[in-house]
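So the structure is just underneath, and the comments pick up after that.
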2 protein chains.
Amino acid sequence: MKRRSTLADIAAAAGVSLMTVSRAINSKPGVSDELRQSILALVEEMGYRPNQIARGLATHQTNSVGLIVPDNTNPFFAQIARGVEDGAYAREYSVFLVNTVENPTRELDALGSLWEKEVDGLIWCSARVALEELEFQLRRFPAVVLLNRELENPLSHVMTLNVHDVRGARMAVSHLLGQGCRHIAYLNGPLHSLSAQRRLQGYQSALTEAGLSVDPLLEQCCLPDTASGYDATLVLLNRRPDVDAILAFNDLVAVGAMQACQALGRSVPETVRIIGFDDIPLATIIEPQLTTLHVDLQHIGELAMQALLDIMEGVACPSAMLIEPELFVRDSA
Amino acid sequence: MKRRSTLADIAAAAGVSLMTVSRAINSKPGVSDELRQSILALVEEMGYRPNQIARGLATHQTNSVGLIVPDNTNPFFAQIARGVEDGAYAREYSVFLVNTVENPTRELDALGSLWEKEVDGLIWCSARVALEELEFQLRRFPAVVLLNRELENPLSHVMTLNVHDVRGARMAVSHLLGQGCRHIAYLNGPLHSLSAQRRLQGYQSALTEAGLSVDPLLEQCCLPDTASGYDATLVLLNRRPDVDAILAFNDLVAVGAMQACQALGRSVPETVRIIGFDDIPLATIIEPQLTTLHVDLQHIGELAMQALLDIMEGVACPSAMLIEPELFVRDSA
DNA sequence: TTGTACGCGTTATCAT
DNA sequence: ATGATAACGCGTACAA
């Protein structure tokens, strides 16, 4: 690996000063056209590329952002990450990806590490930290987009981006009620998850408004994966065999629920209707295809990145965005 | 966002020189114990964290690596990325994630961008560039782990990490032959994919060795996703209705094949046996569960990261690693 | 239009 | 054990 050429090398080769080369490269005024051409030719020839570390030190801009997710393996976050990365590429930014693995220590480590690296901005999904810690961290970064978390007091350099979970859950329940279901259960996600709380709230309020009572026995918590959804459904259906519909925290849980129903000989959607959330690719792969609340996750990722760039550039930007999920009725409900 | 404190701030507060603080922080010798203690206390109090950009400029080490994948949304690469990130976290490295989206331009852009950022190392999956370009790029980085690509002439700072695709495909074909199948088709992946070529080779050689002829009509190309697998299977079964087994390039394709069979009323595994490759989570979610060649992708990611660190630290390291897939017999074959 | 001096925050080197 | 000084590669501010 031979030494990288620097501005000084180019300047020497071109017989001009450092600054002239710098200006030529950054297409700034103050360089005659022919000189610029010959410099750029040299740059090409010598394979020069600006050293972003040095540039970062001088300008306090690194052209990189951090993306914190619980687990990039989860299709939900994978899609978002893809959108973020696409958006970053379009604007010549690089993305540091970090998984928290639902581990508070690792989450704080990630924040510290990103801060040390002087990222220009941060997209932070499902922040699991206490409010005080959250505010401390937000203060440290120049720009932040918070996904899946809300903020009482808006900060000018922070935008929150949330799915309208309450409305989504209500749409699902309405649909089930319309199909004649009267014993609708809810497989909730982790209690500390804001989405889980909001979806629960939507579920309960829809039932109440329909004149049905909210029955704690119809609510069952589980981790947001297929295996947990399966187990939770067995528990649920054992406790309340009269259940005729299940709203699941997300699609993975819904699929687990579907498998459990099949294992118990309860056909879907004939005896139990199932609705998921998020519309991950799996939703259309399994049989019967999953009715679910569709959210364009990749687009959300791109939106988040664009908003982040807007904040960084001082462009006016809303303090919060709310994404409306859409009920995609397929075969499971 | 208030100004970050710097070494100078700490030094001033402690009434010592910059270097003493630097030494204390980096736990280098040359600082008395009590002084070190009091400095570290100040560091804590003032919330000081070293600026990695400045440090990077001074040391030419950034404590960050690049990870290039075709698409982080593909479970195959998502698992690998997760392993890489876990490994990086364990050693206090950060990971730049880049998607190439099978786009050569974007792949080159990614390499350029990572080089500008002075990453200490690179994990490069499924490099799609020509040999000459590959060698040029490899020369630019201090350390590289190449996944899914081989190298004629080993380089001391590069390691290749491949799955033994040939052996995997042969195991699959053997298994199918043992089940009595005699018209085994192969749904190949993209032609430019090295894995696809190797799996094809394993498929063909296993047939030949069993005394069966290789029939081009039994080979069908498709993109490595479910929809393409579905379409390709329709084409294939239309052309050769006598097919009694399908080996798919990967699990996504296999699932598409399974759906196509079901759509055509051909039961799996009774009339058509199907085997996939990679064993992504989906393999055990669908019904019937997929028989497939299992590879521990997350572990591969960790291995890649560890090897990369070894290269970077000058630790002796093999020039190539070959991972053996294992046939997991489930319900589809 | 072009060039010079300096600073960004840190580490390496050489003194003390 | 501690400190002064010079890099690292670039951009900003100002001078020519």
Side-chain angles (χ1 to χ4, degrees), chain A residues 1-40 42-43 46-64 113 115-120 140 142, chain B residues 1-40 42-43 46-64 92 113 115-120 142:
Chain A
M1 202 187 58
K2 63 176 192 298
R3 199 178 65 80
R4 313 169 58 116
S5 37
T6 70
L7 270 192
D9 296 331
I10 309 282
V16 298
S17 87
L18 230 147
M19 273 318 296
T20 307
V21 181
S22 174
R23 282 191 264 259
I25 284 169
N26 298 328
S27 27
K28 292 203 171 164
V31 179
S32 70
D33 263 3
E34 51 178 343
L35 184 50
R36 176 172 313 227
Q37 291 309 323
S38 64
I39 289 179
L40 290 182
L42 263 181
V43 163
M46 304 176 61
Y48 170 82
R49 297 291 228 102
N51 181 329
Q52 299 288 358
I53 299 298
R55 184 177 275 182
L57 185 55
T59 62
H60 295 287
Q61 278 217 110
T62 54
N63 264 31
S64 63
S113 160
W115 191 62
E116 287 185 352
K117 296 240 164 46
E118 293 230 275
V119 292
D120 298 333
R140 304 212 299 175
Chain B
M1 202 188 56
K2 64 175 191 299
R3 200 178 66 80
R4 312 168 58 115
S5 35
T6 70
L7 272 191
D9 296 331
I10 309 282
V16 297
S17 84
L18 273 180
M19 276 315 297
T20 306
V21 180
S22 174
R23 282 190 264 260
I25 284 169
N26 298 324
S27 26
K28 292 201 173 164
V31 178
S32 72
D33 264 3
E34 52 176 343
L35 184 48
R36 179 178 311 246
Q37 291 309 323
S38 64
I39 289 179
L40 291 182
L42 264 180
V43 163
M46 304 176 61
Y48 170 84
R49 297 291 227 103
N51 181 329
Q52 299 287 358
I53 299 297
R55 182 177 277 181
L57 184 57
T59 62
H60 296 285
Q61 278 217 106
T62 54
N63 265 33
S64 62
E92 316 223 72
S113 160
W115 191 63
E116 287 185 351
K117 296 242 162 49
E118 294 232 272
V119 292
D120 297 333

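Values below: every heavy atom of this structure, side chains too, minus hydrogens, waters and symmetry copies.
What separates CG of B/L57 from P of D/dC10 is a distance of 9 Å, to the nearest Å. Atom CG in B/N63 sits roughly 14 Å away from atom C1' in C/dT10 (whole-Å rounding). Taking atom CG of residue A/D9 and atom C1' of nucleotide D/dG9, one finds them 10 Å apart after rounding to whole Å. As rounded to whole Å, 8 Å separates atom P of D/dG9 from atom CD of B/E118. In this structure, CG of B/N51 is placed 14 Å from C1' of C/dG7, rounded to the nearest angstrom. For the pair A/Q61 CD and D/dC10 P, the interatomic distance rounds to 17 Å; values are reported in whole Å. Atom pair B/I53:CD1 and D/dG9:C1' shows a separation of 13 Å (rounding to whole Å applied).
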Run the side chain to side chain contact (heavy atoms under 4.5 Å, CB included) test on B/V43 and B/I10 for me, step by step, so that the C-alpha distance in whole Å, both residues' side-chain angles and the decisive distance to 0.1 Å come before the verdict. CA-CA 7 Å; B/V43 163; B/I10 309 282; 4.2 Å; yes

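Under a 3.5 Å cut-off, the side chain of A/T59 and the backbone N or O of A/R55 do form a donor-acceptor pair.
The two atoms that bring A/M46 and A/A13 nearest to each other are SD-CB, 4.0 Å, heavy atoms only. Here the closest heavy-atom approach between residue A/T62 and residue B/I53 is recorded as CG2-CD1, 3.7 Å. Smallest separation of non-hydrogen atoms from A/A11 and A/L18: CB-N, 3.7 Å.
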Sub-3.5 Å pairs of nitrogen or oxygen atoms, protein against nucleotides 11-14 of chain C:
from	atom 1	to	atom 2	distance (Å)
C/dT11	OP1	B/N26	ND2	3.0
C/dT11	OP1	B/R55	NE	2.8
C/dT11	OP1	B/R55	NH2	3.0
C/dT11	OP2	B/S22	OG	2.8
C/dA12	OP2	B/K28	NZ	2.9

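At a threshold of 4.0 Å, the pair B/E118-A/R4 counts as salt-bridged, since one of the basic side-chain nitrogens sits closer than that to a carboxylate oxygen.
Here A/L35 lies in heavy-atom contact (under 4.0 Å) with sugar-phosphate atoms only.
Residues B/S17 and A/R4 both approach DNA chain D. Their nearest nucleotides, taken by heavy-atom distance, put B/S17 toward the 5′ side. For the pair B/V31 and B/H60, both in contact range of DNA chain D, the more 5′-proximal nearest nucleotide belongs to B/V31.
In terms of phosphate contacts, B/T20 brings a side-chain nitrogen or oxygen within less than 4.0 Å of OP1 or OP2 of D/dG3.
Residues B/K117 and A/S64 are in side-chain contact: their nearest non-hydrogen atoms beyond the backbone lie under 4.5 Å apart.
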